[in-house]
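Have a look at the structure below before the remarks.
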Amino acid sequence: MPVLDWTLLLKLKEMFNSKFGSIPKFYVRAPGRVNIIGEHIDYCGYSVLPMAIEQDVLIAVEPVKTYTLQLANTNPLYPDFSTSANNIQIDKTKPLWHNYFLCGLKGIQEHFGLSNLTGMNCLVDGNIPPSSGLSSSSALVCCAGLVTLTVLGRNLSKLLAKYKNLQWDNVLRLDEVQAKLGISLEEMLLVTEDALHPEPYNPEEICRCLGISLEELRTQILSPNTQDVLIFKLYQRAKHVYSEAARVLQFKKTCEEAPENMVQLLGELMNQSHMSCRDMYECSCPELDQLVDICRKLGAQGSRLTGAGWGGCAVSIVPADKLPGFLANVHKAYYQRSDGSLAPEKQSLFATKPGSGALVFLEA
């Protein structure tokens, strides 16, 4: 499968020359991604099943002898930015586009303890819809990291990834509970039924169950942004995490076994996932529920929310022969406004196959 439209690459090269008066030395691309199934369970220790999409972020790069980093974007909505490559300051109060690039650069710089970084001219392009749960910002961060590694002459294949397993004395992730009990996900759902009640818990009840004080609850268990929460739906959240983790494994198993009704089975798992996200984890919204319902009615074998935390976008599995009609009908049913206006189709509704991973292209 081609990973890059060479016409776009040549166009970016011309724009780079027009912008900086020189030719880029290399190009880096990183894809967006969509989570097919497995929502809000990764930070509980469970696997999810993401897919790289064909849409990507592409950066043309020229290392320079100065210590100045110059960033430009083909989209005029994102203004140029310039700073010292050795004095990276990230304003955390403002989600400006260039901060995502700086995060990737600074991450590599700090990880390897580097100083005296060379400057570079960078022109950024991309076709991942922003703020849609398709990891456009993550793709930009990954691109920036690859750009920095390439400029430094380091090969990713030779880097050793070191995972630090932090030992938490007071808090266990949900997967650790299962591991310590040595039981299956299906059995964990039964444990959830026995141990927790569907009615929401208040802080005082949690403290009684754990034998701790309210102060210990706030300082040792709750995060700063949840310390003032008064209602905890523990039963619903645990039910979602364990059932969703089981769906991910079933999805993987179905793909590997490839039965005749594989697409139907995968679609059913996606539908179950959305219902759990909507009812148990409550991370959907009415507009997204409507979009998912429309997609199913118009030919999707399965459809569910994905990405962006709460809300986001919908991902659907659609037979290739039904795709043109599906896109046209969904566009009409969901994006057609009562006043006749249309949402931008290319940004809001598109098809993709599984895409390739991040790559570096050297200028010949």
Side-chain angles (χ1 to χ4, degrees), residues 31-55 128-129 132-136 138-139 173-175 178 184-186 188-189 192 236-285 288-320 322-323 326 330 349-357:
R33 70 100 182 94
V34 62
N35 202 28
I36 299 176
I37 194 167
E39 209 69 28
H40 290 290
I41 61 173
D42 47 353
Y43 47 80
C44 294
Y46 289 107
S47 298
V48 299
L49 206 157
M51 177 189 86
I53 61 176
E54 295 171 313
Q55 289 73 13
I128 306 172
S132 61
L134 296 174
S135 296
S136 58
S138 295
R173 296 186 315 187
L174 289 177
D175 75 313
Q178 180 197 356
S184 69
L185 285 165
E186 290 73 17
M188 276 308 305
L189 286 170
T192 301
Q236 290 82 355
R237 306 314 187 232
K239 286 273 286 187
H240 168 76
V241 169
Y242 290 127
S243 64
E244 184 76 347
R247 281 187 289 271
V248 171
L249 297 180
Q250 186 59 47
F251 198 100
K252 177 177 180 289
K253 181 181 178 183
T254 302
C255 289
E256 292 171 342
E257 295 177 351
E260 290 186 4
N261 62 338
M262 177 178 69
V263 175
Q264 177 188 344
L265 295 175
L266 298 179
E268 290 174 356
L269 289 169
M270 293 174 69
N271 293 337
Q272 293 169 15
S273 172
H274 182 79
M275 287 187 288
S276 182
C277 287
R278 180 192 65 201
D279 300 334
M280 291 295 176
Y281 216 78
E282 298 180 271
C283 58
S284 187
C285 61
L288 195 48
D289 293 338
Q290 180 190 15
L291 178 57
V292 166
D293 187 54
I294 288 173
C295 289
R296 291 174 186 165
K297 289 179 179 178
L298 294 178
Q301 293 285 339
S303 189
R304 62 177 292 275
L305 67 84
T306 185
W310 271 252
C313 66
V315 56
S316 301
I317 182 169
V318 181
K322 295 183 179 180
L323 189 58
F326 173 81
V330 171
L349 179 64
F350 59 89
T352 183
K353 295 179 180 178
S356 300

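Values reported hereafter were calculated over all heavy atoms of this structure, with side chains retained and with hydrogens, waters and symmetry mates removed.
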About how many Å separate [atom2] of [Y] and [atom1] of [X], when rounded to the nearest 0.5 Å?
{"X": "Lys353", "Y": "Ile53", "atom1": "NZ", "atom2": "CD1", "result": "15.0 Å"}
{"X": "Leu185", "Y": "Leu249", "atom1": "CG", "atom2": "CG", "result": "6.0 Å"}
{"X": "Glu39", "Y": "Cys283", "atom1": "CD", "atom2": "SG", "result": "6.0 Å"}
{"X": "Asn35", "Y": "Thr306", "atom1": "CG", "atom2": "OG1", "result": "4.5 Å"}
{"X": "Thr352", "Y": "Glu54", "atom1": "OG1", "atom2": "CD", "result": "4.0 Å"}
{"X": "Leu174", "Y": "Tyr43", "atom1": "CG", "atom2": "OH", "result": "10.0 Å"}

Heavy-atom side-chain proximity of [X] to [Y] below 4.5 angstrom:
{"X": "Tyr46", "Y": "Val248", "result": "no"}
{"X": "Tyr242", "Y": "Cys44", "result": "no"}
{"X": "Met188", "Y": "Val241", "result": "no"}
{"X": "Val330", "Y": "Leu291", "result": "yes"}

Inset, instruction - Would you check if the side chain of Ser284 reaches a backbone N or O of Cys277 as a donor-acceptor pair within less than 3.5 Å? - result: no

Legend entry - Arg237: side chain to side chain contact (heavy atoms under 4.5 Å, CB included) partners, not counting sequence neighbours: Lys233, Tyr281, Glu282

Legend entry - Any pair counted as ring-ring contact (aromatic ring centres under 6.0 Å, His included), so long as it reaches residues 254-276, sequence neighbours left out: none

If you compare all heavy atoms of [X] against all heavy atoms of [Y], which two are closest, and at what distance to 0.1 Å?
{"X": "Leu134", "Y": "Cys313", "result": "CD2-SG, 4.0 Å"}
{"X": "Pro129", "Y": "Phe350", "result": "CG-CE2, 3.4 Å"}
{"X": "Gly299", "Y": "Lys322", "result": "O-CD, 4.5 Å"}
{"X": "Pro31", "Y": "Ile128", "result": "C-CD1, 4.1 Å"}

Inset, instruction - Determine the sole option in Ile317, Leu305, Val292 for which the side chain to side chain contact (heavy atoms under 4.5 Å, CB included) test with Met270 is passed. - result: Ile317

Inset, instruction - Decide yes or no on side-chain contact (heavy atoms from CB on, under 4.5 Å) for Ile41 and Val48, but give the supporting numbers first. - result: CA-CA 7 Å; Ile41 61 173; Val48 299; 3.7 Å; yes

Inset, instruction - Report yes or no: do Ser273 and Arg247 form a side-chain donor-acceptor pair below 3.5 Å? - result: no

For residues 251-266, tabulate all N or O donor-acceptor pairs below 3.5 Å that involve a side-chain atom, not counting sequence neighbours.
unit_1, atom_1, unit_2, atom_2, d
Lys252, NZ, Glu256, OE2, 2.7
Thr254, OG1, Gln250, O, 2.8
Thr254, OG1, Gln250, NE2, 3.4
Gln264, NE2, Glu268, OE2, 3.2

Legend entry - Name of the residue among Gln301, Arg304, Arg296 meeting side-chain hydrogen bond (donor to acceptor under 3.5 Å, both in side chains) with Asn271: Arg296

